[in-house]
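Quick notes on the structure that follows.
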There are 2 protein chains.
Amino acid sequence: MADNAEPEQTQEQDFLRDRESLTLPLLSSHRSIPNSTSQVAIVGSHVCPIESLDYEYVMAFIVFFASNLVLTLFASVITAVIAPAAAGSGIPEVKAYLNGVDAPGIFSLRTLAVKIVGSITAVSSSLLVGKAGPMVHTGACIASLLGQGGSKKYGLTWKWLRFFKNDRDRRDLVTCGAAAGIAASFRSPVGGVLFAFEEMASWWRSALLWRAFFATAVVAIVLRALIDVCRSGKCGLFGTGGLIMFDVYSANVSYHLADVPPVLLLGVIGGILGSIYNFLLDKVLRLYNLINEKGVVYRILLACSISIFTSCLLFGLPWLASCQPCPSDALEACPTIGRSGNFKKFQCPPGHYNDLASLIFNTNDDAIRNLFSKGTNSEFLYSSILIFFFTCYFLSIFSYGICAPAGLFVPVIVTGASYGRLMGMLFGSDSNLDHGLYAVLGAASFLGGSMRMTVSLCVIILELTNNLLMLPLIMLVLLISKTVADAFTGNIYDLIMKSKGFPYLEGHAEPFMRQLTVGDVVTGPLQMFRGIEKVGNIVHVLRSTRHNGFPVIDEPPLSEAPVLFGIILRVHLITLLKKKSFLSTPVPTGSGSEVFRQFSSGDFAKRGSGSDEKLEDLEFTDEELDMFIDLHPFTNASPFTVVETMSLAKALILFREVGLRHLLVIPKLSGRSPVVGILTRHDFMPEHILGLYPVLITGFMKSTRLPFLQLFMEPIVDDDQKRAHIVFSVLTHIFKQDMT
Amino acid sequence: MADNAEPEQTQEQDFLRDRESLTLPLLSSHRSIPNSTSQVAIVGSHVCPIESLDYEYVMAFIVFFASNLVLTLFASVITAVIAPAAAGSGIPEVKAYLNGVDAPGIFSLRTLAVKIVGSITAVSSSLLVGKAGPMVHTGACIASLLGQGGSKKYGLTWKWLRFFKNDRDRRDLVTCGAAAGIAASFRSPVGGVLFAFEEMASWWRSALLWRAFFATAVVAIVLRALIDVCRSGKCGLFGTGGLIMFDVYSANVSYHLADVPPVLLLGVIGGILGSIYNFLLDKVLRLYNLINEKGVVYRILLACSISIFTSCLLFGLPWLASCQPCPSDALEACPTIGRSGNFKKFQCPPGHYNDLASLIFNTNDDAIRNLFSKGTNSEFLYSSILIFFFTCYFLSIFSYGICAPAGLFVPVIVTGASYGRLMGMLFGSDSNLDHGLYAVLGAASFLGGSMRMTVSLCVIILELTNNLLMLPLIMLVLLISKTVADAFTGNIYDLIMKSKGFPYLEGHAEPFMRQLTVGDVVTGPLQMFRGIEKVGNIVHVLRSTRHNGFPVIDEPPLSEAPVLFGIILRVHLITLLKKKSFLSTPVPTGSGSEVFRQFSSGDFAKRGSGSDEKLEDLEFTDEELDMFIDLHPFTNASPFTVVETMSLAKALILFREVGLRHLLVIPKLSGRSPVVGILTRHDFMPEHILGLYPVLITGFMKSTRLPFLQLFMEPIVDDDQKRAHIVFSVLTHIFKQDMT
């Protein structure tokens, strides 16, 4: 009986399946580890056990190694060369976009294509990377492309999409796209909605909730219909698992108060492991960034070396495990016949199986299913689960940062499930819970410890496992692991966002911001335009600054005194300059019916990212530069303003809650210029403010204003710990009467 | 064999159970219809079939009738006399509170007590009212009492609660309390969180989501622990049903594409029925309001007459149904033995059952369980289900508005489930789905049609029935019924809120608001104070107006020109007046260390509703009235401001998103008063604005400003239909060049 002479066959099928997968990118469930060592050869349509010779193990390794390397090479080359923005999971980028940060190229058609193809090849190449993150990014890309009216560059445009051509609708669509991504990858429609709202969205409305629900309902219905269509079994691995991916339901799930203490311990350790995971991942990412910055070749080399390392490790580790005799009461064939299963034969004699190989030489989905499955307490050896846990923990940390689409969800679930089983084995007979349930709870605790979500993870786990009776335990584990982990490090996506340098605006103000006014952080010099401005001035200002919004001022004789009229955007100025309908004298054009005739609403609609008009493309004669433009009809006459003495913390709340890009600062006393400055996102970044006022870092409470009233009139600080700190400090402050 | 001689016994047990329920108000599952006709008498602890005489039916009716009447009378008397705010479901009140409307007395300790006791008695009195709404209100009450530091009036205060004594923390606590209410009533922790966020909350943060999750997790864990404790069966009806109330899980739930059309039809009709339900309920409520306004006696009389009507109807209807022979393959005893069950005997001969009595003479929970149960397609007659559906539909409409705590969730679920079964019977053999599944889908469609939630209803139904495989169908039904119903009437809670006159602030601006500036709606005269103000002036202004916030102005010589310093609240002014530490000359007190020593932070902390200091209680001598107060240290120096030319729609967004009570309007040109006016919630109410500008009602698009730029620069309008209207109107407008 032999088990390893078929790698070529399987490999060919791998490629066939990958090609199939391209047509069903959102729906198919990709394997991450090819079944190069399944226990039987598939010759034609027959399954045949065939004779093997020992040296063929080397052959199998070479094929395994080479195919992994080629797939990784392909994924990293297309990512590095065509769309570097497609690297990684994409969730941090989408989260930053929904906060108002538009990183270049993250939603282009190229990125979309590379994300889909690259994710399939990366997952197929045995790298320990997930598919959920890339699917979220894919969903967001598609949504964003719809939101910008298709892609003009590639001739894919639809006219009816023009109504969405504004930032707000595009943001809403991207939220729905992210929800659909999670819904598709875990077949978890409600979890997808919650994920989008708990982790991704910075703004939320009831109406958006129901649109996201609509999007994921469509995903669920299409998935369900495709499962119906795939009943014949011709859809590769897609049909397996049904609508519930890891159905561990059993009518007799029972647990009692005595089972709670081990579960608490599981949550605490899961939280610690999760926070260490985040810490290490952050460090590795910073190291990889140094390598990746050196150039495309270095990126590809890094990816390839991780692939080589992974291949060697995965092929070598099962040799460490000893062969187990097949249990007599096994529910499925032992050793396993076919691609997936609990009892992989690997190098064992007939009637035996290698438990570590059962976990490693399976798709990640199957490995999770094996770990979650009930009544298999004696299937796995302690040492095998321990090896598997450490392998997953560190391999996933080293695999994430390479230049290829790579998700974190599935690796974290695999790692967490093996951690849970390990704990179940350690508790042994002290606990009545099945080891499969420990695996589910372990996955929950590790997810909670690294991703820090609560409701959404809870629902995703329920929708993955179909076990509502476990709900109280899952909630408990998530709460504990999140709380424990929050004490050490941040959420994994926030850490990645920070390491990428996105100016993410938190929903709450830092305590020291309450000691400052907006006047303290506004920096000049400020560029302004008059209501009727000289073309030459506009061109000069646009060329010499990179600002995106400019206050428009009316001066005598247009008004009694200099007065703020509104704010005009750079893109709109460029559109005006491009039309060249200038005035020869500085006279108002009236209320604009003539002016408007030259423009269609499409001229001012939000462009797709990267497709803005460029000033450099425009040429002006000296004559034109001496002419004028009446900016009034094109100015936003209702800008949001704050008085310069406004508390910075309150201005931040206004900026963040309303979702602004520019906030005009007006003077308290008239007689000066009608605008003091413009605040943008960067002016609210804590790093920037602490750079301006280093004294705030140490002299946290050296207040110059009225902390007393601020305390109870509008407590803006979100974090309980910080609040307690402020309460304490302010009270100390007041009663020691050291106010200046 | 007799079946009706035991009413007194059962009645006595009812009272006992009610008394028990008082100790477990949040956790027990109350019955709404006493089992006065269960098929056997319980004598001592033995279950005995006893002989019956025909005239005893009259006796049974009298007991049924009288006990219902007494219970209703009790509930309506305590509600009408002690706490009128406890009437109804309470969800509209809590929703309005979370939007910023603090109706008097809704969260007092009295209301809480009456809500708990009244809800138990009302549900026990056979009225078709639910318990979920009152439990949400109960949860919110408890949260609010914690948020105001307990109840001073009844001596229940805790010092550590003082940190929550502000509006924002109280709002967050109430959100968590509402989530806990739903979590407890349906044993649905995730559904509770989602309900609070989808239906109740007007403001949302990721941090609040996880706190609400914490609250419902505690509910779930306590519930689960109590189920463990109640394993002995000594907890009345609480222990039955387990953690999943209506567990209809079956491993072989299967449906295919062919089953979708009937489900679509079910959703459409459910949506229409739901919108008609809302319409009728609104009309009945307005009618009842006319009666209730006439006085306490009228309220009690109305409640009693509804009780009498209900008793007669419920006792009379089962006589319309004919007796059915017991099925030979019934899964449970037939006729039913004990309180609950599928086969009530009522007036039937041995071996037969009355299917309508099985629905009516059961708790609502049991009726729902019967309707949801699988494999009972032949149990119910078409006519019985039809009668039951119409009874529930109209009885619940007439029962809701009485002066007693009454929820809507359970009646809607019962009605929807009977509607679903009816449809299942109508489709008959054209559909492969079980009638029990039709009942679940019917409940979903009717809930969607009347309550208009999506994600939360979906999760609540899943947590009630434990059937994740049905998820795509449930999502489909909810989407369709909500969409259909939205075309006709509003959400049921919004209708009730409107009929109660709460100034609920929508999250989006009405289109006509974009035609107005804030200057257009600000009304005078404006009351202001100087930074150092005469006591007499303050007392006079406070006595002559009912405003809650007053701008504080600095005038020469304190500043170069009149300038806005901030805003001061009425309650803080009263606190200052009460301390009577006045100045004899108008001189600034410096930066306040001395002033502060006289106050503790508790003096300015948010009071519990209704416990604000009253100006009428203060007396001043003429000498005191001539003295001064330096308001500077007590003024909020960072008020939110808008310029008078700001678009009203944008000001509304600012007001709503930041969650303000006062918004100061400042002039565009200096030289006038530094404040033009104050905007409050009422100034943004569409009814108020259309009252000021009736022309906007018809001349919707008679724009005087720049709709063109407004269109694409910040589309604020939320509703798609309205947006299409504006796009169309604005484009027509522009291209017809009829701009003024």
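A, B, ... follow the sequence lines: proteins, then strands. Residue 1 opens every chain.
Using a 4.5 Å cut-off between heavy atoms, B:Ile666 touches chain A through its side chain atoms alone. Both the backbone and the side chain of A:Val455 come within less than 4.5 Å of a heavy atom in chain B. Of the atoms belonging to A:Pro639, it is backbone heavy atoms, and not side-chain ones, that fall under 4.5 Å from chain B. Using a 4.5 Å cut-off between heavy atoms, B:Leu208 makes no contact with chain A at all. Only the side chain of A:Leu471 comes within less than 4.5 Å of a heavy atom in chain B; its backbone stays farther off. Neither the backbone nor the side chain of A:Ser559 comes within less than 4.5 Å of any heavy atom in chain B.
Looking only at atom types and distance, the side chain of B:Glu199 has no donor-acceptor partner in the side chain of B:Ser456 under 3.5 Å away. There is no side-chain donor-acceptor pair under 3.5 Å between A:Asn636 and A:His572.
The minimum heavy-atom distance linking A:Ile653 with A:Gly507 is given by the pair CD1-O, 3.9 Å.
A:Trp203 carries A:Arg656 over the face of its six-membered ring, with the cationic atom under 6.0 Å from the centre and within 45° of the normal.
The candidate from A:Ala225, A:Pro189, A:Ala212, A:Gly566 with the greatest count of non-hydrogen atom pairs under 4.5 Å with chain B is A:Pro189.
Ring planes of B:Trp204 and A:Trp204: parallel class, angle under 30° (limits at 30 and 60°).
A donor-acceptor distance shorter than 3.5 angstrom exists from the side chain of A:Lys482 to the backbone of A:Arg452, with no hydrogens or angles considered.
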